[in-house]
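Keep in mind that this is a model prediction, so the values were computed, not measured.
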2 protein chains.
Amino acid sequence: MDRIVIATAPSVTSQVYDWMRERVLRGELAPGARLSETEIAGAIGVSRQPVREAFIRLASDGLAEVRPQRGTYIGKISVAAVLSARLIREAVESDLARMVAADPPVEMLARMAEEIALQERADAEGAVEAFIDSDDRFHRLLATGARQEAVWHDLEKLKSQMNRLRHMSMRAFDRAGTIGQHRDILEALRRRSPDAAERAVRAHLRQMLDELPRIAARHPDFFTD
Amino acid sequence: MDRIVIATAPSVTSQVYDWMRERVLRGELAPGARLSETEIAGAIGVSRQPVREAFIRLASDGLAEVRPQRGTYIGKISVAAVLSARLIREAVESDLARMVAADPPVEMLARMAEEIALQERADAEGAVEAFIDSDDRFHRLLATGARQEAVWHDLEKLKSQMNRLRHMSMRAFDRAGTIGQHRDILEALRRRSPDAAERAVRAHLRQMLDELPRIAARHPDFFTD
DNA sequence: ACGGGTTTACTTGTATGGAAGTATCCCGTA
DNA sequence: TACGGGATACTTCCATACAAGTAAACCCGT
């Protein structure tokens with residue numbers, strides 16, 4: 001049974017943090033953009049302190065950088081961090097795929113098929129946000145299927161940098177190819193083949209190795225090593 | 001050539017953060033212990049604000065929990081988080097081992113042997129801190145050998161929870177067994193066998209699955225699900 | 001002795017003022 | 001026109017005061 005949780009008004013700090021984080025992840029705040037405690041505080045009608053504390057949390061996530069006495073900036077996308085996150089995802093998700101492939105829950109397989117259908121629709125309609133969200137859910141299903149929800153939670157922090165990349169330039173991504181790879185993964189799981197599932201996941205996640213240089217070349221200002 | 005970096009006095013916030021973090025990781029601050037902005041600020045002679053901001057950063061690392069209007073507490077060790085971190089480490093480090101095994105740098109092999117020697121000495125002398133530090137360096141060599149330093153940096157956040165565990169009760173760990181497993185890993189790398197290296201790493205990191213329940217049973221107050 | 005309501009002491013959250021540092025602009029000078 | 005140098009307008013950092021909420025202690029009536 002679910003225990004009830006008492007809803008309490010979120011602190012100003014939390015609200016500012018959530019709002020900023022969302023905007024950074026969606027690319028609405030460009031990497032390198034300059035922020036200001038005073039400015040934002042004035043804009044939303046609160047004091048500087050909660051805004052400042054929201055900045056600290058953002059910086060802790062690697063999404064912002066505060067330079068003492070100089071200013072606070074939206075963090076640029078670290079190529080090294082993206083490559084690292086990609087490697088970790090490949091290692092972990094291919095392991096999860098192996099685990100799941102041994103006895104894939106039917107519920108999970110069904111929901112994966114649903115997500116693929118959603119992705120086709122989003123691709124046809126050019127709905128970038130919907131596509132990315134569905135893609136995230138698809139991968140998350142691997143973790144839930146393996147009863148490793150906590151793993152997904154840990155991966156999310158790493159994924160954040162990769163998601164910024166995708167929002168920046170969704171057109172550079174081969175969406176049709178992505179959907180095909182998702183289908184390959186699902187098919188391997190249905191066949192209960194750990195080897196095929198691992199291969200499919202690794203192939204899928206290696207796609208970014210091709211895309212990253214293209215995107216970085218197109219927006220050099222948004223990246224650092 | 002290395003560019004010079006101008007040394008600037010670290011902010012009070014940073015100093016408090018580093019100090020607290022170190023103490024939490026070494027287990028000198030027990031999980032669940034109660035903190036107080038006012039108390040710590042008074043003890044070191046600064047105002048509440050920097051201490052408060054250090055707490056925010058600790059909370060962001062999952063090492064503390066601030067409950068509004070109630071108090072700030074050293075975070076208990078989440079069993080789920082430890083298991084998740086362990087799974088991720090196994091997946092990533094076994095991949096790194098495969099990569100390194102293809103062409104292991106002699107420099108890395110030599111330093112691994114050195115660390116194993118250090119671990120034997122630390123074990124004989126009962127030097128817990130030295131043993132853990134050396135163990136960390138040993139695993140880190142895998143990442144450096146694969147030219148993936150950034151990956152190690154990402155893993156460190158996850159490892160922090162596991163390290164707290166080890167400091168809590170080092171006696172519960174089978175140190176001799178650990179050293180033997182390190183030797184197995186090194187031997188597999190010397191033989192340039194990716195398969196053996198992967199097996200050795202996975203076996204090594206699965207050891208914690210045995211130890212975790214024992215330790216959790218011994219210190220139930222320090223854990224949450 | 002026990003229960004219940006009130007007070008009181010303590011917690012974190014927010015606002016505000018000033019301190020210290022940085023970068024830019026402007027103006028005088030060669 | 002090019003170049004220094006100083007005032008100035010920012011920035012984040014830290015200190016302090018107060019607001020709002022929690023929890024424990026306490027007192028009082030039964």
Side-chain angles (χ1 to χ4, degrees), chain A residues 3-21 23-24 29-76 221, chain B residues 3-21 23-24 29-76 221:
Chain A
R3 304 238 310 271
I4 77 164
V5 293
I6 304 302
T8 166
S11 67
V12 176
T13 297
S14 294
Q15 295 183 57
V16 173
Y17 169 74
D18 290 340
W19 180 70
M20 298 269 312
R21 183 171 191 278
R23 294 198 59 186
V24 173
L29 259 50
R34 189 162 198 266
L35 303 176
S36 163
E37 295 175 1
T38 313
E39 190 178 345
I40 293 183
I44 61 182
V46 297
S47 76
R48 292 185 341 256
Q49 207 55 44
V51 176
R52 172 179 173 74
E53 295 180 359
F55 283 5
I56 292 174
R57 291 169 64 177
L58 281 174
S60 200
D61 293 344
L63 297 178
E65 180 186 3
V66 7
R67 287 191 270 184
Q69 271 70 36
R70 230 166 282 199
T72 302
Y73 300 84
I74 299 296
K76 296 196 176 185
D221 294 349
Chain B
R3 304 238 310 272
I4 77 166
V5 294
I6 305 302
T8 167
S11 67
V12 175
T13 297
S14 295
Q15 295 183 58
V16 173
Y17 169 74
D18 290 340
W19 178 70
M20 298 272 311
R21 181 170 193 277
R23 294 196 62 188
V24 174
L29 260 50
R34 190 164 197 269
L35 302 176
S36 162
E37 295 175 1
T38 313
E39 191 178 345
I40 293 182
I44 62 181
V46 298
S47 77
R48 266 182 53 214
Q49 211 54 47
V51 176
R52 172 179 173 75
E53 294 178 1
F55 282 5
I56 292 174
R57 290 170 63 177
L58 280 175
S60 199
D61 293 344
L63 297 178
E65 180 187 2
V66 8
R67 287 193 269 184
Q69 268 72 37
R70 231 167 280 202
T72 302
Y73 300 82
I74 301 295
K76 297 196 176 186
D221 294 348

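- Residues Leu35(B) and Leu29(B) have side chains in contact (heavy-atom distance under 4.5 Å, counting atoms from C-beta outward).
- Listed by residue number, Arg48(B), Gln49(B), Arg52(B) are the residues of residues 43-62 of chain B with a heavy-atom contact under 4.0 Å to DNA chain C.
- Between the CZ atom in Arg48(B) and the CD atom in Glu37(B) there is a gap of 4.5 Å [rounded to 0.5 Å].
- Distances shorter than 4.0 Å separate none of the side-chain N or O atoms of Thr13(A) from OP1 or OP2 on dG13(C).
- Note that the CZ atom of Arg52(B) and the OG1 atom of Thr38(B) stand 10.5 Å from one another [nearest 0.5 Å].
- Comparing Pro10(A) and Arg70(A), the nucleotide of DNA chain C nearest to each residue sits closer to the 5' end for Pro10(A).
- Taking every heavy atom of both residues into account, Ala54(B) and Val16(B) meet most closely at CB-CG1, 3.7 Å.
- Not one side-chain nitrogen or oxygen of Arg67(B) sits closer than 4.0 Å to the OP1 or OP2 atom of dT11(C).
- For Gln69(A) and dT22(C), a side-chain-to-base donor-acceptor distance below 3.5 Å is absent, hydrogens and geometry of angles not being considered.
- Between Arg57(B) and Arg21(B), the closest side-chain pair of non-hydrogen atoms is not below 4.5 Å.
- Contacts between chain A and DNA chain D, taken as any atom within less than 4.0 angstrom of a protein heavy atom, begin and end at dT11(D) to dA15(D).
- Rounding to the nearest 0.5 Å gives a distance of 12.5 Å between CG of Leu63(A) and CZ of Phe55(A).
- Arg70(B) has its side chain out of reach of Arg34(B): every pair of non-hydrogen atoms, C-beta onward, lies at least 4.5 Å apart.
- If you take CG on Asp18(A) and CG on Leu58(A), they are separated by 9.5 Å, rounding to the nearest 0.5 Å.
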